[in-house]
Amino acid sequence: MKKGIPALIAILIIAALVTSAVILTQNTSEAKLPLEITTPEKESIVTSPEILVEGITTADAVVSINEAIIAVDEEGKFSTELILGEGPNLIEIIASDYEDNEASVLLTVIYVP
């Protein structure tokens, strides 16, 4: 049984390396399209049910926030107001362009009335 353990460890290491290579490849393609969220900060705790989401990307990007398309101005800036539910709220921001580049940010904002 001890002879099989090194082979199993080798298989697990190879599987981890392949998985890491796939993840690095995906992140490299995402790095071509900038996406910065200026507000809110990750894991913010707020006391108002309305929150402003603002960010910047490239001017030719298409941005969606929680699946709603948001206008991007000529400088690449975008903003929208969201209504939060009580407790934790997930906010998914996705930017994509016509060259199939994509970047995304997932924020959690906690609304405490």
Side-chain angles (χ1 to χ4, degrees):
M1 213 171 203
K2 288 186 179 182
K3 290 182 180 181
I5 292 175
L8 178 60
I9 291 173
I11 290 170
L12 291 174
I13 290 172
I14 291 169
L17 290 172
V18 169
T19 302
S20 296
V22 169
I23 290 170
L24 287 174
T25 301
Q26 290 173 346
N27 288 339
T28 301
S29 66
E30 290 177 5
K32 292 180 184 178
L33 185 65
L35 176 60
E36 178 185 349
I37 307 306
T38 54
T39 186
E41 292 183 22
K42 290 181 179 183
E43 300 185 18
S44 296
I45 298 174
V46 298
T47 56
S48 173
E50 296 177 357
I51 190 165
L52 184 65
V53 179
E54 295 180 303
I56 189 164
T57 185
T58 59
D60 63 340
V62 175
V63 173
S64 68
I65 299 178
N66 289 353
E67 299 183 3
I69 302 296
I70 307 301
V72 178
D73 71 14
E74 63 278 350
E75 295 177 356
K77 295 179 181 178
F78 59 89
S79 68
T80 192
E81 211 168 274
L82 296 179
I83 303 297
L84 303 175
E86 188 174 338
N89 292 263
L90 291 177
I91 302 171
E92 182 180 35
I93 302 104
I94 301 173
S96 58
D97 64 16
Y98 296 108
E99 296 177 3
D100 291 330
N101 296 310
E102 187 175 283
S104 63
V105 174
L106 186 61
L107 302 174
T108 300
V109 176
I110 302 166
Y111 167 48
V112 179

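Every value quoted in this text rests on a predicted model; they were computed, and no experiment measured them.
Of all non-hydrogen atoms in Glu75 and Ile56, the two that sit nearest each other are O-CD1, 3.8 Å. In terms of heavy-atom proximity, Thr38 sits nearest to Gly55 at OG1-N, 3.8 Å. The minimum heavy-atom distance linking Leu33 with Glu102 is given by the pair CD2-CA, 4.1 Å. Considering every non-hydrogen atom in both Glu74 and Ala59, the closest pair reads O-CB, 3.3 Å. Residue Ser79 comes nearest to Glu54 through the heavy atom pair CB-CG, 3.5 Å, listed as atom of the first residue, atom of the second, then distance. Lys32 approaches Asn101 most closely through the heavy-atom pair CD-OD1, 3.5 Å.
A distance of 5.0 Å separates CD1 of Ile45 from CD1 of Ile110, quoted to the nearest 0.5 Å.
Grouping Ile, Leu, Val, Met, Phe, Trp and Tyr by side-chain contacts under 4.5 Å, direct or through others, puts Val53 with Leu35, Ile37, Val46, Ile51, Val63, Ile65, Ile70, Val72, Phe78, Leu82, Leu84, Ile91, Ile93, Val105, Leu107, Val109, Tyr111. Hydrophobic cluster of Ile94: no remaining members, since no ILVMFWY side chain lies below 4.5 Å from it.
Thr57 places a side-chain N or O within donor-acceptor distance of the main-chain N or O of Pro34, the cut-off being under 3.5 Å. Using a distance-only test at 3.5 Å, with no hydrogens or angles considered, a donor-acceptor pair links the side chain of Asn89 to the main chain of Gly85.
Remark: Glu41 CD is loosely packed, at most 12 non-hydrogen atoms of other residues, nucleotides or ligands lying under 6.0 Å away.
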